Amino acid sequence: GDVLEAKDNSKYRFEVIEITNTTALCISLNSTRRLKKGTIVKKVDDGLKMEYSDALMGRIFDAYGEVLDNKEFKSIKKKYINNNTVSMKDLNVESSMLKTGIKVIDFFAPMQKGFKMGLLGGAGVGKTVLIKELIYNLYNASRINSIFVGIGERSREGKELYDDIVSSNLLDNMTMVFGQMSKNPVVRSKCVQTGLVAAEYLRDEKKGDVLLFIDNIYRYIQARSEISMELKEMLVGNGYPSSTAAEVSKIEERLGSTKDGTITSFQAIYIPADDYNDDAVQNVVSYMDGQIVLDRHIAELGIYPAIDVFKSTSRLVDKDKIGERHFKLVEETLRYLTRYQELEEIIAVLGIDELSEEDKEAYEATFEDENGELPEKISSSALNSWLFNEDTIKKVLHILMTKGIRINYGETLGKTIIFAKNHDHAEKILEIFGKEYPNLPGYAKVIDNYMTYAQSAIDEFSEPDKLPQ
């Protein structure tokens with residue numbers, strides 16, 4: 001871990017990997033272009049360091065702890081990035097619930113502070129966009145400080161994220177660490193460790209809760225593989241080094257929570273070739289407390305976030321942790337969606353006329369009355385309220401357990417749910433809705449069929465006295 005530097009040119013820096021009797025095996029931290037054989041090097045430090053003080057807040061750093069925002073920076077205290085993991089006696093596994101504000105996550109994959117949540121998906125399914133939304137929601141809801149670590153980020157994406165954070169006035173409560181895709185694998189592999197030092201400072205020294213966003217943890221493993229190839233190490237399954245499990249462990253075991261504070265991490269995990277059984281993916285997932293799976297098929301339908309509710313889960317989905325009503329509601333919702341998908345496949349092959357009357361009714365369940373006509377008034381459901389409290393769950397459970405879809409707003413306010421079996425029907429509902437409540441604030445959107453159960457929906461009201469009765 002010692003850092004060496006060329007005696008006559010400080011731009012050439014190296015990290016010592018292994019020392020024998022006569023040689024030191026090193027990896028270059030920067031470009032080696034025009035480096036000459038016989039150059040004299042000297043030791044300049046015991047390892048790479050990152051700022052370990054309040055000065056890190058609101059700033060952007062590279063993988064080696066140097067600021068990137070071209071603003072004046074005065075270091076107060078630094079710490080080596082190769083820190084130890086949290087000891088067993090200091091670990092704390094009990095903490096309070098954490099609401100993300102994204103209803104499909106809070107419902108199907110609930111979280112608590114100190115969780116490690118994996119965001120799994122292939123290229124272009126919305127992992128980075130989901131992380132942006134989480135950063136915004138969680139800060140506005142809880143005012144928790146955040147650390148963002150961009151590993152192998154495209155420069156364009158990094159700049160867009162930075163501009164979004166600045167325009168949302170979130171930068172003062174964040175630290176950002178970037179190791180761009182264009183940089184060498186050493187930069188990309190050190191990036192996450194540098195970000196962890198910032199998170200550990202907020203947890204251990206400021207004794208607070210921290211949100212850590214890592215995009216993308218798979219790029220870290222990829223970078224370690226590139227370094228292993230350069231060092232002529234033997235690669236095993238799918239081209240990953242044999243030390244992959246150990247390297248991932250060094251990162252994940254540092255993300256523990258203590259009595260002083262918690263580190264809640266959201267880790268985007270790229271799925272190579274959409275292969276969820278990839279060795280590296282499974283290695284990282286084994287450390288997660290839950291996973292949110294983004295599906296390409298759902299993204300192609302234009303539904304965002306493109307979350308596959310059947311593959312997304314959390315270890316909190318347990319009667320003893322979230323309560324029997326919430327647990328039962330999750331089970332019933334998945335049962336409805338499963339049956340709907342089965343019927344959809346049958347209809348695609350045989351046509352709707354081949355369904356039994358009961359299955360037809362399940363497939364076509366809408367806001368129509370017993371005569372097949374649209375009702376004069378459209379009522380609403382509190383499924384998308386901010387908190388899934390007891391009253392809300394009881395009401396939605398009643399909807400699912402009975403055939404009656406219509407329900408008025410309760411004391412807990414949220415967003416309206418409207419069911420529609422096709423786009424024409426959706427247009428008719430919107431037309432009636434607009435006539436019935438023309439002066440209500442908010443926006444309206446109709447989502448087809450039972451996918452409404454799994455996705456956030458429609459019209460948000462801000463004034464309780466104007467709600468439909």
Side-chain angles (χ1 to χ4, degrees), residues 1 50 63 79-95 98 109 111-121 127 131 134 146-152 175 177 179 185 188-204 209-225 227-228 237-238 240-258 260-272 276-293 312-316:
M50 169 63 175
K79 189 173 183 179
Y80 294 113
I81 66 173
N82 295 319
N83 200 7
N84 294 325
T85 59
V86 180
S87 64
M88 287 291 289
K89 68 176 182 178
D90 293 330
L91 274 176
N92 179 28
V93 295
E94 298 297 330
S95 59
L98 181 69
M111 296 181 61
Q112 68 182 27
K113 291 179 180 178
F115 251 42
K116 298 172 187 173
M117 182 63 79
L119 308 178
L120 287 75
K127 296 186 296 299
I131 281 181
L134 286 167
S146 301
I147 309 294
F148 178 86
V149 180
I151 310 172
T175 299
V177 180
R188 285 177 271 132
S189 68
K190 297 295 182 186
C191 187
V192 64
Q193 298 174 51
T194 305
L196 286 179
V197 173
E200 289 163 348
Y201 170 74
L202 295 173
R203 179 194 65 191
D204 301 335
D209 298 323
V210 190
L211 298 173
L212 176 65
F213 299 90
I214 302 177
D215 186 13
N216 188 296
I217 192 66
Y218 178 82
R219 303 293 183 195
Y220 166 75
I221 300 174
Q222 205 172 37
R224 296 299 310 178
S225 298
I227 293 171
S228 295
N238 286 351
Y240 301 116
S242 57
S243 60
T244 297
E247 297 292 346
V248 172
S249 176
K250 288 178 184 178
I251 300 300
E252 299 295 344
E253 292 298 333
R254 289 174 65 176
L255 297 177
S257 298
T258 69
D260 294 327
T262 63
I263 297 179
T264 306
S265 64
F266 293 86
Q267 304 179 37
I269 307 170
Y270 170 68
I271 308 298
Y276 288 89
N277 295 317
D278 183 85
D279 293 344
V281 172
Q282 290 301 311
N283 216 312
V284 176
V285 168
S286 67
Y287 286 93
M288 298 296 112
D289 296 300
Q291 63 182 38
I292 298 165
V293 179
S312 300
T313 186
S314 165
R315 66 177 178 84
L316 280 189

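These numbers were taken from a predicted model, which means no experiment stands behind them.
From I263, atom CD1 reaches atom CG of L255 across 6.0 Å, with rounding to the nearest 0.5 Å. Here CZ of F115 is found 4.0 Å from CZ of R315. Values are rounded to the nearest 0.5 Å. To the nearest 0.5 Å, atoms OG1 (T258) and CG (D204) are separated by 5.5 Å. For the atom pair CZ of F266 and OG of S146, the computed distance is 9.5 Å after rounding to the nearest 0.5 Å. With values rounded to the nearest 0.5 angstrom, I221 atom CD1 is found 13.0 Å from Y270 atom OH. Distance OG/S314 to CD/Q291: 10.0 Å, rounded to 0.5 Å.
Here the closest heavy-atom approach between residue A268 and residue I131 is recorded as CB-CD1, 4.0 Å. The shortest non-hydrogen separation linking E247 to R224 is OE2-NH2, 3.3 Å. Across V197 and Y80, no two heavy atoms sit closer than the pair CG2-O, 3.9 Å. What you find for A198 and T175 is that their closest heavy atoms are CB-CG2, 4.3 Å. Of all non-hydrogen atoms in I217 and Q267, the two that sit nearest each other are CG1-OE1, 3.9 Å. Of all heavy-atom pairs between Y220 and S189, the closest is CE1-O, 3.2 Å.
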>> One pair to check against side-chain contact (heavy atoms from CB on, under 4.5 Å): I251 and L196. What are the steps and the verdict?
In response: CA-CA 8 Å; I251 300 300; L196 286 179; 4.0 Å; yes
>> Does Y240 form a side-chain hydrogen bond (donor to acceptor under 3.5 Å, both in side chains) with D278? I'd like the steps, not just the answer.
In response: CA-CA 10 Å; Y240 301 116; D278 183 85; 2.8 Å; yes
>> Go through it in stages, so that I can follow the logic: the residues are I292 and L120, the test is side-chain contact (heavy atoms from CB on, under 4.5 Å), and I'd like the CA-CA distance, side-chain angles, deciding distance and then a yes or no.
In response: CA-CA 6 Å; I292 298 165; L120 287 75; over 6 Å; no
> Could you walk me through whether K116 and D289 pass the salt bridge (charged side-chain N to carboxylate O under 4.0 Å, His left out) check?
Replying inline: CA-CA 5 Å; K116 298 172 187 173; D289 296 300; over 6 Å; no
> Is there a side-chain contact (heavy atoms from CB on, under 4.5 Å) between M117 and M111 once you walk through the steps?
Replying inline: CA-CA 8 Å; M117 182 63 79; M111 296 181 61; 3.4 Å; yes
>> Determine whether K250 and Q193 satisfy the following criterion, side-chain contact (heavy atoms from CB on, under 4.5 Å), listing intermediate values before the conclusion.
In response: CA-CA 9 Å; K250 288 178 184 178; Q193 298 174 51; over 6 Å; no
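Checked against a 6.0 Å centroid threshold, the rings of F148 and F213 do not count as neighbours.
Residues P185 and R188 form a side-chain contact, since some pair of their non-hydrogen atoms from C-beta on lies under 4.5 Å apart. Looking at E252 and V284, their side chains come closer than 4.5 Å, going by heavy atoms from C-beta outward. A 4.5 Å side-chain heavy-atom check between L134 and L119 finds at least one atom pair inside the cut-off. Residues I147 and L202 form a side-chain contact, since some pair of their non-hydrogen atoms from C-beta on lies under 4.5 Å apart.
D209 and T262 are linked by a side-chain donor-acceptor pair at a separation below 3.5 angstrom, with hydrogens and angles left out of the test.
Between the side chain of S312 and the backbone N or O of V293 there is at least one donor-acceptor pair closer than 3.5 Å. In this structure, R219 contributes its side chain and G179 its backbone to no donor-acceptor pair below 3.5 Å. For the pair K127 (side chain) and G121 (backbone), a donor-acceptor distance under 3.5 Å is present. For the pair T194 (side chain) and A63 (backbone), a donor-acceptor distance under 3.5 Å is present.
Just one residue in the list T264, V192, V149 forms a side-chain contact (heavy atoms from CB on, under 4.5 Å) with L212, and that residue is V149.
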